[in-house]
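Here is the structure we will look at, set down as structure tokens.
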Amino acid sequence: MPTNLKRLREAKGIQQQDMVKRLGYTVQSYNRVENGKRKLPIAKAMKAAEILGCSMDEIFFNQ
């Protein structure tokens, strides 16, 4: 299941490289998360929500 990470990240004007660095992913791994090919662990989802200024619900569920 794809997440809303890419949409939220782009809406906040955050570059993919910034998310990669702050979440501790490689670019390839993060791309897989954004494209729904790799699951986002809860701890990283919590950190992503903090970075993006949103809730975890916004990351995982369509708004």
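Residues: numbered from 1 along the sequence shown.
Nearest heavy-atom pair, Ala49 versus Ser55, reported as atom, atom and distance to 0.1 Å: CB-C, 4.1 Å. Residue Val27 comes nearest to Gln17 through the heavy atom pair CG2-OE1, 3.4 Å, listed as atom of the first residue, atom of the second, then distance. Here the closest heavy-atom approach between residue Met19 and residue Ala48 is recorded as CE-CB, 4.1 Å. In this structure, Leu52 and Lys12 approach most closely via the heavy-atom pair O-CE, 2.8 Å. Considering every non-hydrogen atom in both Asn4 and Phe60, the closest pair reads ND2-C, 4.3 Å.
No more than 12 heavy atoms of other residues, nucleotides or ligands sit less than 6.0 Å from atom NZ of Lys6.
Lys44 NZ to Lys47 NZ: the interatomic distance, rounded to the nearest 0.5 Å, is 10.5 Å. The structure places CD of Glu10 at 9.0 Å from CD of Gln15, a figure rounded to the nearest 0.5 Å.
Using a 4.5 Å heavy-atom threshold, the side chains of Ile59 and Leu5 count as touching. No side-chain heavy atom of Val33 sits less than 4.5 Å from a side-chain heavy atom of Leu23. Under the 4.5 Å side-chain criterion, counting only non-hydrogen atoms from C-beta, Arg9 is in contact with Glu34.
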